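Below is one structure; the comments refer to it alone.
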Amino acid sequence: MQRRNKPEVLAPAGNLRGLKTAVDYGADAVYCGGKAFGMRSAPKNLSLEDFEEGARYAHERGARVYVTFNVLPRNNEVEAMREYLGKLKDTGVDALIVSDIGVMFMAKQVAPNLELHVSTQAGVTNYQAANAFYELGARRVVLAREMDLQAVRDIRARIPDDLDIECFVHGAMCMAFSGRCLFSNYLTGRDGNHGECAQPCRWKYSIVEEKRPGRYFPIEQTAEGAYLFNSQDMNMLAHIDDLLDSGATSLKIEGRSKSAYYIAAMTNAYKTAVNEYMVQRGFEDADGNVLKPFRDRVIRPGDPEYGKPDTEDAIMSNADGAFAGKPDIDAVPVGGVPSGNVSAGNIAIGEPDNLSYHARSTRRKSNTAAEILPEGWHHAGVRPAPHVTLPDWLLDEPDKVAHRDYSTGFYYPEHKVRQSTDRSAYFRAWLVVGEVLSWSPEDGGRVTIMSRNKIEAGQEVEFVLPGAAPFAYTVPAGGFRDADGHWVEAINNPAHVFSMPCPQEVPVNAAIRSRTKKPTLKAE
């Protein structure tokens with residue numbers, strides 16, 4: 001399979017519509033499960049016929065399709081997996097995501113034309129494991145989610161350049177080690193390692209004292225109880241330059257159970273951010289023309305700068321500023337030229353003053369304590385570069401989908417993901433109100449939509465556009481029509497066809513969203 005010359009945005013899909021939506025909104029690749037042997041059983045997933053159609057649709061648009069084949073199989077499933085794989089290999093999909101070494105060998109025998117990607121379920125946390133899988137035929141490792149940025153670059157520096165590193169960048173995080181968890185099995189009998197997790201880590205818990213049955217005491221200082229294992233969601237949009245500079249080649253968005261709107265919005269956000277990275281790093285011009293091959297900024301063993309103690313740690317300098325929470329930081333970039341005031345989202349390289357202890361201590365700390373390095377060992381550094389700045393509209397996109405509290409996962413040791421112990425619900429400040437069926441230039445422009453929620457005169461809406469900022473529009477009065485062309489006062493009937501004025505052409509299937517009158521705590 002031809003290697004890509006730029007970072008990959010990898011989007012989720014729980015069905016064929018989700019796959020096509022991801023591709024339409026810029027995904028370089030889509031991962032999805034079949035009707036069996038995937039780690040998500042809640043979504044409808046794809047049939048063999050869906051894979052054929054989806055692969056054809058993706059390939060016509062320059063994207064690829066990866067199939068999750070990453071359950072931990074039991075003895076009585078092995079031959080069934082072999083039979084299913086024999087059918088799957090002829091659908092046109094590009095790669096298999098596997099976690100079990102036996103399944104990996106099976107895939108090499110039955111489907112040698114498919115690329116092999118090692119799932120996060122395999123728990124790859126070091127370069128030795130990555131190299132071992134490479135020798136066994138893998139061409140990608142999905143790193144364990146508990147890896148920090150230093151671990152990513154240390155792995156990148158010591159593996160072949162043609163071994164991809166895939167890292168999670170957005171979405172829900174499991175509280176267990178790389179997803180290997182028996183909590184759901186123990187409490188409900190539903191196997192979390194077979195895609196049936198009941199998510200008991202997000203349930204509400206209280207304490208009952210043995211001699212006082214029926215009296216429930218909250219674990220935290222709240223009458224609503226506590227959610228002990230309820231992890232924050234990940235959001236690395238503002239920090240993808242740190243991750244790509246550290247050697248990641250694929251950015252994975254979590255969410256095969258999510259809606260088509262979620263897939264569209266987050267795929268578009270990360271694809272746009274990657275395009276900004278490519279331009280600001282000098283790999284492409286504004287029109288997407290290649291200026292030089294993409295390469296990370298990791299300093300590898302054998303490079304002249306490797307192991308030098310005075311090598312500037314640009315990533316941790318950026319992290320200091322980004323997490324300091326100071327709106328105006330005077331930073332001095334490498335070379336000593338003052339950079340002026342910069343915001344927390346636009347940090348120049350250098351040493352900001354008056355940072356908190358926690359911000360400063362992101363320097364050289366492991367996840368648990370100060371490191372004692374063995375003789376001869378050096379962490380892989382990164383070559384300095386300015387922070388990639390993203391437009392405000394783009395940084396706002398993650399807040400326009402339903403989400404839990406955000407974090408940056410484990411990438412920054414002093415700013416690790418935490419539990420949201422007081423609630424497990426989602427924030428939702430924006431609502432999908434419709435989907436575009438067609439657009440016509442007649443009467444100054446009209447859009448026909450499938451309604452999802454109420455739209456009325458004077459309402460502010462946004463059309464989510466692929467590869468661009470959303471189109472913000474105030475709905476005028478007196479322009480609504482129903483499916484029969486009759487004038488109506490408002491769009492107030494879900495799952496019905498309506499039309500309304502829209503001066504700008506908008507693509508078919510584009511989501512239309514509007515800010516909720518009162519933010520809620522539930523999923524979209």
Side-chain angles (χ1 to χ4, degrees), residues 1-11 23-29 58-64 139-140 149 152-153 156-157 159-167 169 236-253 267-300 302-306 311-315 317-318 333-335 337 339 342 345-350 380-395 397 465-469:
M1 188 181 297
Q2 185 177 1
R3 313 308 302 175
R4 287 195 173 273
N5 59 1
K6 67 184 297 182
E8 175 187 87
V9 173
L10 178 58
V23 173
D24 290 344
Y25 278 84
D28 301 297
H59 294 165
E60 288 172 353
R61 293 158 180 80
R64 303 195 286 183
R139 288 300 171 263
R140 173 176 298 189
L149 285 174
V152 176
R153 66 173 96 155
R156 176 80 278 171
I159 64 175
D161 284 344
D162 64 341
L163 178 59
D164 285 347
I165 289 180
E166 182 181 307
C167 293
V169 292
M236 282 290 288
L237 185 64
H239 306 278
I240 64 161
D241 53 347
D242 287 355
L243 196 51
L244 294 174
D245 287 349
S246 293
T249 46
S250 179
L251 307 178
K252 183 173 190 173
I253 302 167
T267 300
N268 190 55
Y270 279 90
K271 181 63 174 180
T272 303
V274 167
N275 290 341
E276 288 284 347
Y277 172 90
M278 294 296 285
V279 170
Q280 294 183 41
R281 285 285 186 267
F283 299 117
E284 293 180 351
D285 63 20
D287 296 322
N289 299 310
V290 176
L291 301 178
K292 62 182 180 181
F294 165 69
R295 185 172 175 81
D296 58 70
R297 307 188 70 82
V298 176
I299 301 172
R300 292 157 168 78
D303 291 345
E305 313 100 303
Y306 182 75
T311 301
E312 173 70 20
D313 189 341
I315 285 178
S317 295
N318 288 343
V334 176
V337 180
S339 63
V342 291
N346 300 279
I347 301 301
I349 297 170
V382 287
R383 295 177 176 86
H387 180 56
V388 171
T389 59
L390 301 177
D392 289 340
W393 75 263
L394 187 56
L395 295 173
E397 284 296 289
L465 306 179

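Computed from heavy atoms alone, side chains included, the values below leave out hydrogens, waters and symmetry copies. Quick caveat, the model's predicted, so the values are computed rather than measured.
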Does the pair Thr267 and Ile253 meet the rule for a side chain to side chain contact (heavy atoms under 4.5 Å, CB included), with working shown? CA-CA 8 Å; Thr267 300; Ile253 302 167; 4.2 Å; yes
Using 4.0 Å as the upper bound for N to carboxylate O, is an ion pair formed by Asp28 and Lys271?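 Yes, this pair counts.
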Can we say Asp296 and Arg153 salt-bridge, meaning some charged N sits less than 4.0 Å from an Asp/Glu carboxylate O?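 No, this pair does not count.
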Please find the pair of heavy atoms, one from [X] and one from [Y], that lie closest to each other, and give the distance.
X	Y	answer
Val23	Ala63	CG2-CB, 4.1 Å
Leu163	Arg140	CD1-N, 3.5 Å
Asp245	Arg281	OD2-NH2, 2.7 Å
Ile299	Ala380	O-CB, 3.6 Å
Ile165	Val152	CD1-O, 4.2 Å
Ala238	Leu395	CB-CD2, 3.8 Å

Atom [atom1] in [X], atom [atom2] in [Y]: separation rounded to 0.5 Å?
X	Y	atom1	atom2	result
Leu149	Arg156	CG	CZ	14.5 Å
Ile159	Asp164	CD1	CG	8.5 Å
Cys167	Leu244	SG	CG	9.0 Å
Leu465	Thr272	CG	OG1	10.5 Å
Leu237	Glu397	CG	CD	9.0 Å

Go through the structure and list residues passing side-chain hydrogen bond (donor to acceptor under 3.5 Å, both in side chains) with Thr249, not counting sequence neighbours.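 For Thr249 there are no side-chain hydrogen bond (donor to acceptor under 3.5 Å, both in side chains) partners, ignoring immediate neighbours.
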Taking side-chain hydrogen bond (donor to acceptor under 3.5 Å, both in side chains) as the definition, give me every residue that meets it alongside Asp287, ordered by chain and number, with sequence neighbours left out.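 Scan of Asp287 (side-chain hydrogen bond (donor to acceptor under 3.5 Å, both in side chains), adjacent residues dropped) gives none.
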Under the salt bridge (charged side-chain N to carboxylate O under 4.0 Å, His left out) rule, collect the residues that match up with Asp161, sequence neighbours excluded.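 Listed in chain order: Arg295, Arg300.
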Sequence neighbours excluded, which residues qualify as salt bridge (charged side-chain N to carboxylate O under 4.0 Å, His left out) partners of Glu284?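 Partners of Glu284 by the salt bridge (charged side-chain N to carboxylate O under 4.0 Å, His left out) criterion, ordered by chain and then number, come out as Lys6.
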With sequence neighbours excluded, tell me which residues meet ring pair (Phe, Tyr, Trp, His ring centres under 6.0 Å) with Tyr277.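 Ring pair (Phe, Tyr, Trp, His ring centres under 6.0 Å) list for Tyr277, sorted by chain: empty.
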Non-neighbouring partners of Tyr270 that pass ring pair (Phe, Tyr, Trp, His ring centres under 6.0 Å), sequence neighbours left out: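 For Tyr270 the ring pair (Phe, Tyr, Trp, His ring centres under 6.0 Å) partners, ignoring immediate neighbours, are His170.
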Determine, stepwise, if the pair Asp24 / Arg61 fulfils side chain to side chain contact (heavy atoms under 4.5 Å, CB included). CA-CA 8 Å; Asp24 290 344; Arg61 293 158 180 80; 4.2 Å; yes
Using only atom types and a distance under 3.5 Å, with no angle test, would you say the side chain of [X] pairs donor to acceptor with the backbone of [Y]?
X	Y	answer
Glu276	Val388	no
Asp285	Leu291	no
Arg383	Val298	yes

Measure the shortest side-chain to side-chain distance between Val274 and Pro7 over non-hydrogen atoms and say whether it is less than 4.5 angstrom.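 Yes, their side chains come closer than 4.5 Å.
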